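One structure is given below, encoded as structure tokens.
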Number of protein chains: 2
Amino acid sequence: MTCIVNHVSSATARNSARTSASACGLRERKKRRTRDSLVTAALELFRAKGYEHTTVREITDAVEVSERTFFRYFANKEDLVMSFVVAAAEAFTVELRRRPASERPVDALRNAMRAAALTLAPEDIEREQMAYALAMHLIEATPALLAAQLMVGQNLTEQLIAIMAEREGVDPVTDPRPTIIATVFCGLMGAAGQVWRGDGDLAARTTLADRYLAELVPTFTEPWQ
Amino acid sequence: MTCIVNHVSSATARNSARTSASACGLRERKKRRTRDSLVTAALELFRAKGYEHTTVREITDAVEVSERTFFRYFANKEDLVMSFVVAAAEAFTVELRRRPASERPVDALRNAMRAAALTLAPEDIEREQMAYALAMHLIEATPALLAAQLMVGQNLTEQLIAIMAEREGVDPVTDPRPTIIATVFCGLMGAAGQVWRGDGDLAARTTLADRYLAELVPTFTEPWQ
DNA sequence: GAGATTCTGTCACCCAATGACAGATGACCA
DNA sequence: TGGTCATCTGTCATTGGGTGACAGAATCTC
């Protein structure tokens, strides 16, 4: 029986080392182990020396694998840090698809955001949460990582357009509303994330994003006095 | 008397070869000439072979300068294409600062967008416009360029936050409205640009962005039926 | 035309990333 | 248990983007 878990390429499953279905063969376990080692070693080096001043070689030396192996696990250096962002984005889309059709579009998005924030938190409390916060700080300090994160946001926006269009039964090509709501929501989430940047608790970010959403309409309709 | 024009590093002035103030010294004229040659040769090669399949070496060979010189004119390969996007962004902020204080925030942004679109068009009709359209197509087809463009958008957003905050006399740190309006506006402009992507006339893009802005509030307040 | 600036080419070098190939290591079945 | 197949890994060679340092050429200023 072949292990399927990794074939679906879920960043969520890949990043959290302890998934019940993870131990289904020596080969798969080894792969996960070296991947985790690479991530751990890389984050530690990035934290100590900075992202740009850390070479792939240094990371692979710390784990005792070849450079070539690194690029078999990660498309490029940025991809390692991005895996955390991608995992968060995936958690979000998963939650969004679960929202009942009765909810208004905005509420579905807001509630999915809240639910996803809780998904990331459970039990991994120490290790995973610290890693995520570090990733955010690295992104903040590194232009190349910021650009990569914006690309993830771009992909997420396109997914949201599709999901919202299907959810509400409209054509995303002729109807501008899926594009509008996806773009605005991703943009505001990004803005909230930029202000937040890993400091304090995860809830603070969603709270800020909520505030942005609440003040969105007045900002455009009311005079600013 | 020293030429100042290029020291302010205005991408708008840099990109359009024919500015009245441009001819103020042999050295400056030569620099502009090689820069223009590099852009022209690069765009032609990109068009023919694609961005990623064109090496910097090929560009510099076509202009008969050294590779090193290329990187003295452009921070990196992407920067050459981005100069067009940056020029457009600068034209936009210039127009925005010119808008009267009496206009509502949204209207100032919308009118600045319209004005900037006209700024880009005049007289250069053939050469400059074709180049801009080509740059857009390259961005669309090349992930690395898309990422770079998103970074430009990010910078623009931050400028807009500052400009709008100053304009309306609010504190951008405590008041979320500058952040909201800048983020949403840039996001929707980007979305419009993505649908448009250099095909047809420039006006079509601003028209689409206008439509997004018009439907923004209803999208969030009204049910989608 | 002398001297200070600035631009350019050359050279050496670092690092990220990829293709190709061979050997090691699990997976699976008889 | 052993053999076969699939997959993972290391090694090697190579490409291409990007940078620092230095010397020489061109331009500017007086």
Side-chain angles (χ1 to χ4, degrees), chain A residues 1-7 9 14 22-38 42 45-46 49-82 138 142-145 147-148, chain B residues 1-7 9 14 22-38 42 45-46 49-82 138 142-145 147-148:
Chain A
M1 190 183 292
T2 341
C3 176
I4 294 289
V5 169
N6 260 5
H7 292 205
S9 151
R14 267 202 314 267
S22 70
C24 64
L26 177 54
R27 181 171 279 169
E28 294 299 324
R29 260 182 292 132
K30 266 197 170 178
K31 272 170 63 179
R32 177 171 304 252
R33 197 139 44 83
T34 62
R35 189 183 186 281
D36 286 348
S37 302
L38 283 170
L45 284 165
F46 292 162
K49 314 181 38 177
Y51 174 83
E52 286 164 329
H53 297 104
T54 304
T55 65
V56 173
R57 180 64 192 258
E58 291 173 313
I59 301 169
T60 55
D61 278 354
V63 186
E64 293 184 309
V65 295
S66 71
E67 273 183 285
R68 196 68 186 80
T69 296
F70 179 95
F71 291 106
R72 291 203 177 96
Y73 281 88
F74 306 100
N76 46 52
K77 215 175 112 183
E78 296 146 30
D79 190 43
L80 187 147
V81 180
M82 281 311 108
L138 291 171
T142 317
L145 290 177
Chain B
M1 190 184 293
T2 339
C3 178
I4 293 291
V5 169
N6 259 7
H7 294 204
S9 156
R14 267 202 314 267
S22 68
C24 65
L26 176 56
R27 183 174 277 165
E28 292 301 323
R29 258 181 294 134
K30 264 196 172 177
K31 271 170 64 180
R32 178 172 303 255
R33 197 140 42 84
T34 60
R35 189 182 187 283
D36 286 349
S37 301
L38 283 170
L45 283 165
F46 293 162
K49 313 179 42 176
Y51 174 84
E52 285 163 330
H53 296 103
T54 304
T55 65
V56 173
R57 181 65 191 256
E58 290 173 312
I59 301 169
T60 55
D61 278 354
V63 186
E64 293 185 309
V65 294
S66 72
E67 272 183 285
R68 196 68 187 80
T69 296
F70 179 95
F71 290 108
R72 290 202 178 97
Y73 281 89
F74 306 99
N76 46 53
K77 213 174 117 186
E78 296 146 28
D79 190 43
L80 188 147
V81 180
M82 281 310 109
L138 290 171
T142 316
L145 290 178

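Atom set for the values below is all heavy atoms of this structure, side chains included, hydrogens, waters and symmetry mates excluded. Note on naming: letters A, B, ... go to the chains in the order of the sequence lines (proteins, then strands), and numbering restarts at 1 for each one. Please read all numbers here as calculations on a predicted model, not as lab measurements.
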Study note, to complete from the structure: Between NE2 of B/H53 and P of D/dG17 the distance, given in whole Å, is 12 Å
Review point. For D/dT27, does either OP1 or OP2 sit under 4.0 Å from a side-chain N or O belonging to B/K30?
Key: yes
Review point. Mapping B/T55 and A/T69 to their closest nucleotides on DNA chain D, which lands nearer the 5' end?
Key: A/T69
Study note, to complete from the structure: Taken to the nearest whole Å, CG/B/D79 to P/D/dG18 is 10 Å
Practice item. Specify the separation, in whole Å, of atom CZ of A/F70 and atom C1' of D/dC8. Key: 17 Å
Review point. Side chains of A/T69 and A/S66: do they bring a donor and an acceptor to under 3.5 Å?
Key: yes
**Study point:** Minimum-distance nucleotide to A/F71 side chain [options: D/dA6, C/dG9, C/dT18]
**Key:** C/dT18
Check your understanding: Checking all strands, does B/T54 fall into the base, sugar-phosphate, or nothing category for heavy-atom contacts under 4.0 angstrom?
Key -> sugar-phosphate
Check your understanding: Do the side chains of B/K77 and B/Y51 get nearer than 4.5 Å, heavy atoms only?
Key -> yes
Practice item. Could you check if a side-chain atom of B/K31 sits within less than 4.5 angstrom of a side-chain atom of B/E28, using non-hydrogen atoms only? Key: yes
Review point. A/F74 has an atom CZ; how far is it from atom C1' of D/dC8, in whole Å?
Key: 15 Å
Point to revise | Rounded distance (Å) that lies between atom C1' of C/dT10 and atom CD of B/E64 | key: 17 Å
Review point. Does C/dC7 have OP1 or OP2 sitting under 4.0 Å from an N or O in the side chain of B/Y73?
Key: no
Exercise for review: Answer yes or no: side-chain N or O of A/R68 and base N or O of C/dG19 forming a donor-acceptor pair under 3.5 Å.
Suggested key: yes
**Study point:** d(OH, A/Y51; C1', C/dC15) in whole Å
**Key:** 12 Å
Check your understanding: How long is the line joining CD of A/E67 and C1' of D/dA13, in whole Å?
Key -> 13 Å
Review point. Would B/D61 and B/R57 pass as an ion pair if we require N to O under 4.0 Å?
Key: yes
Study note, to complete from the structure: A/R27 CZ to D/dT9 P, in whole Å, measures 9 Å
Exercise for review: Please examine the side chains of A/V65 and A/Y73, heavy atoms only from C-beta on, and report whether any two atoms are closer than 4.5 Å.
Suggested key: no
Review point. Side-chain donor or acceptor of A/R72 under 3.5 Å from a matching atom on the base of D/dG10?
Key: yes
